[in-house]
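The block underneath contains the structure these notes are about, expressed in structure tokens.
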Number of protein chains: 2
Amino acid sequence: MKKNICLAVLAMASLSISAQVAEDFKPASTNQENKQYPMVNSQRMVRAQIAAPNANSVKLDIGGVKYDMKKDENGVWTGESAPQDEGFHYYQLEIDGASVPDPGSKYYYGASRWGAGIDIPAADEDFYQVKNVPQGSLNEVYYWSSVTETMRHAYIYLPAEYISNPTKKFPVLYLQHGMGENETGWGAQGKTAIIMDNLIAQGKAEPFVIWMDNGLNARPAGQQAQQGGFGGFGGFGQGGQRPQGQRPQGAQGQRPQGAQGQQGQRPRGGFGGFSFGGAFQDVLLKDVIPYVEKNYRVIADTEHRAMAGLSMGGMQTHSITLANPTTFAYVGMFSGGTFNVNELQDAADFKKTNKVLFMSCGGKENMGVDKAAQDLKGIGINAFSYVSPETAHEWQTWRRSLYQFAQLIFKK
Amino acid sequence: MKKNICLAVLAMASLSISAQVAEDFKPASTNQENKQYPMVNSQRMVRAQIAAPNANSVKLDIGGVKYDMKKDENGVWTGESAPQDEGFHYYQLEIDGASVPDPGSKYYYGASRWGAGIDIPAADEDFYQVKNVPQGSLNEVYYWSSVTETMRHAYIYLPAEYISNPTKKFPVLYLQHGMGENETGWGAQGKTAIIMDNLIAQGKAEPFVIWMDNGLNARPAGQQAQQGGFGGFGGFGQGGQRPQGQRPQGAQGQRPQGAQGQQGQRPRGGFGGFSFGGAFQDVLLKDVIPYVEKNYRVIADTEHRAMAGLSMGGMQTHSITLANPTTFAYVGMFSGGTFNVNELQDAADFKKTNKVLFMSCGGKENMGVDKAAQDLKGIGINAFSYVSPETAHEWQTWRRSLYQFAQLIFKK
């Protein structure tokens with residue numbers, strides 16, 4: 001009897017969901033070549049599908065919710081999520097308790113793993129579509145870090161004019177990802193190169209270079225990381241994360257003396273505190289900026305240097321630009337909190353140097369960026385705020401934030 | 001009774017495998033950050049592990065063989081493969097019949113999907129390790145194709161000197177991937193930029209630019225692809241594979257007139273025949289080479305142009321360089337068959353133009369490259385052959401082939 005009631009309730013629930021689903025699903029733009037699933041409909045619901053003939057249970061895990069999928073007579077499982085926000089979301093499938101990447105999706109780094117992602121069409125998506133305009137390039141590079149004593153992996157965006165105008169020098173934005181992400185985020189799901197090429201072609205942004213580094217793995221040489229990911233910002237786990245670089249003297253793979261003694265020592269800038277610069281600040285100031293200014297045609301002064309980041313990267317921007325007030329003229333925090341009047345009131349160097357202080361967040365976040373900007377204007381800061389409509393702590397907020405911020409900086 | 005015999009046989013089999021396994025497994029270099037599995041031991045066996053508490057069966061699928069994995073009391077499955085060849089291999093996990101990427105691995109495009117890959121340490125791996133030498137960059141670009149009427153996606157390797165010496169012009173190698181792969185293959189699992197940076201730093205190769213394009217999706221505008229992948233080389237599926245590019249006149253998404261009438265027509269250059277140039281030849285000659293020679297500092301003549309490719313890309317190289325005998329001075333086929341005396345004996349233009357004809361394969365393949373090179377030398381061709389020790393039709397063969405070929409071309 002109880003079982004029958006349950007079945008009846010399930011049947012009704014199922015019916016009521018079916019009645020609401022618009023059957024206009026299309027393959028997602030983030031799918032692998034030739035893959036039909038996952039799909040998205042006009043209600044921004046995600047429909048996933050996978051063949052798992054011998055599975056007991058398959059779920060679609062997106063936006064913090066697991067949705068049961070249903071098996072057909074051929075062993076193919078299909079299921080839909082509730083409507084999602086416009087823009088990019090990480091997700092996975094759960095097959096009999098195993099959380100795995102959907103084989104239909106391309107893969108992105110976030111939530112501390114390479115895994116599936118899906119782009120939900122957005123009303124304003126035109127600004128991040130590839131167009132037939134002069135194309136810059138997103139460049140994968142390695143560089144030697146004296147701080148970590150490793151070859152480090154990064155990306156540099158060069159605008160089209162960097163190649164077409166070989167004597168011109170450009171300003172530089174140092175642009176950081178968030179917690180659980182890495183140096184690939186801005187270029188892949190962030191669509192940085194596409195956004196910039198389009199803005200530059202429209203004359204809305206000055207052409208500038210963008211450096212995208214890893215703000216999480218900048219462990220100083222000789223410091224042992226804590227296990228488990230978020231323990232320390234300088235944190236490195238075991239197991240091949242460290243790029244296979246050679247020390248200049250050939251000491252490949254050999255740890256500096258004293259490393260064992262420091263085992264378990266917490267790198268500066270832990271997540272628990274609010275000092276979000278830490279080891280990455282050293283890498284940025286001692287290695288990255290000198291490397292970029294030596295090896296690329298960039299204008300090596302404060303007025304042509306910007307720093308911005310999303311979430312944790314915004315907090316790193318906050319702490320690094322505050323601690324180094326004459327290094328960057330432009331500062332952007334995307335879903336990374338706010339500067340407040342107290343910390344800037346008497347910051348004479350920062351106030352003299354700063355030309356734009358930009359703070360943004362998603363409309364579904366409550367970060368007080370408008371109020372903060374208003375307050376900061378009151379003490380003479382050229383502050384801007386931006387709130388992304390109908391989005392949360394997610395990439396659509398940050399794509400839009402970059403689109404806004406890029407139009408404010410390095411203006412003649 | 002029968003069951004007991006089976007169990008006894010299984011127990012013996014298990015015992016005999018255990019006795020052979022060297023317990024010196026280490027995380028693979030291709031793992032995601034902080035992921036312990038998959039691992040490789042000194043016997044080049046792969047050990048995979050995944051938590052799948054409710055699964056009935058989990059298998060490791062590598063090298064064309066599926067290996068049963070075993071569940072422990074915590075629902076974690078573990079299992080090993082037989083020894084693999086040195087170098088890179090695609091693989092996947094099978095959970096209750098669902099073939100999925102291992103969540104421990106980084107992802108690579110091959111076997112017509114983005115999925116897991118594993119690098120087995122190799123005795124000669126030093127040549128593709130990142131070192132602290134002058135670094136070129138691997139650059140992601142889009143360009144407009146008049147043939148496909150889309151923005152196409154490609155990669156260009158620029159040697160370190162391209163940036164450091166801004167007036168110098170460079171030769172160009174056009175380098176193609178194999179069947180089921182795409183434009184990301186040479187840069188990712190092929191390690192092209194790393195191999196080149198190291199060779200150039202050692203003075204073993206001239207610095208040159210490398211263009212890496214997609215040789216499979218070059219469908220001419222107005223031609224409809226066949227469904228199902230290998231049907232035609234110009235093949236495009238439905239579903240977001242086509243980059244979202246705008247036509248110059250704004251006809252975004254609109255098909256040219258007559259497209260419906262041509263539906264189902266086989267693009268030139270199908271797999272069934274041996275005309276491996278086809279649509280990609282048009283893209284390469286009409287769009288790519290003019291684009292590269294206009295937009296980059298390259299030397300725009302035959303003597304500074306090379307073409308090479310692996311497997312299908314080698315066959316494309318064969319057919320395109322034969323059909324356009326005065327376009328490329330250097331030709332490389334890696335596991336892509338051979339040129340023969342008959343087709344070159346009277347090819348006066350080809351013989352006059354060609355400076356190096358390189359043919360290679362894995363030692364476990366039987367492609368007759370040594371004999372072919374010998375024969376071609378007999379008719380005055382500067383032919384070279386290379387056989388990669390102990391490897392098959394796989395990336396270690398092609399990394400080594402690039403390493404060899406790069407040392408032969410554009411020499412003054």
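Only this structure's heavy atoms are used, side chains among them; waters, hydrogens and symmetry mates stay out. Within every chain, numbering begins at 1; the chains are lettered A, B, ... in the order of the sequence lines, protein sequences first and strands thereafter.
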If you look only at distance, which donor and acceptor atoms sit under 3.5 Å apart when one is on a side chain in residues 50-59 of chain B and the other is two or more places apart or in another chain?
{"from": "B/N56", "atom 1": "ND2", "to": "A/N54", "atom 2": "O", "distance (Å)": "3.0"}

* For A/R113 and B/K35, what are the C-alpha separation, side-chain angles and deciding distance, and is it a side-chain contact (heavy atoms from CB on, under 4.5 Å)? -> CA-CA 9 Å; A/R113 95 289 185 258; B/K35 295 287 176 71; 4.1 Å; yes
* Evaluate the side-chain contact (heavy atoms from CB on, under 4.5 Å) criterion for residues A/Q135 and B/M151: first the C-alpha distance (whole Å), next the side-chain angles of each, then the deciding distance (0.1 Å), finally the verdict. => CA-CA 10 Å; A/Q135 295 288 312; B/M151 295 297 290; 3.6 Å; yes
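Of the two parts of B/D197, neither the backbone nor the side chain holds a non-hydrogen atom closer than 4.5 Å to a non-hydrogen atom of chain A. Proximity to chain A is absent for every atom of B/Y155, based on heavy atoms less than 4.5 angstrom apart. Looking at A/S99, only its backbone comes within 4.5 Å of chain B, counting heavy atoms on both sides.
Here the CG atom belonging to A/N132 is positioned 12.5 Å from the OH atom belonging to B/Y143, to the nearest 0.5 angstrom. How far CD of B/Q32 is from CG of A/N182: 10.0 Å, rounded to the nearest 0.5 Å.
Here the side chains of A/Y162 and B/I163 are in contact, with some heavy-atom distance below 4.5 Å. The closest side-chain heavy-atom distance from B/E33 to A/Y109 is below 4.5 Å. Contact annotation: the side chain of B/W114 never approaches that of A/P101 to less than 4.5 Å [non-hydrogen atoms, C-beta and beyond].
Here the options are B/D102, B/I95, B/L93, the test is side chain to side chain contact (heavy atoms under 4.5 Å, CB included), and the partner is A/V100; only B/I95 passes.
By the 6.0 Å contact criterion, NZ on A/K71 is enclosed, its count of non-hydrogen atoms from other residues, nucleotides or ligands being greater than 12. Residue-environment remark: NZ (B/K168) exceeds the threshold of 12 foreign heavy atoms within 6.0 Å.
Of all heavy-atom pairs spanning B/G136 and A/V141, the tightest one is O-CG1, 4.4 Å.
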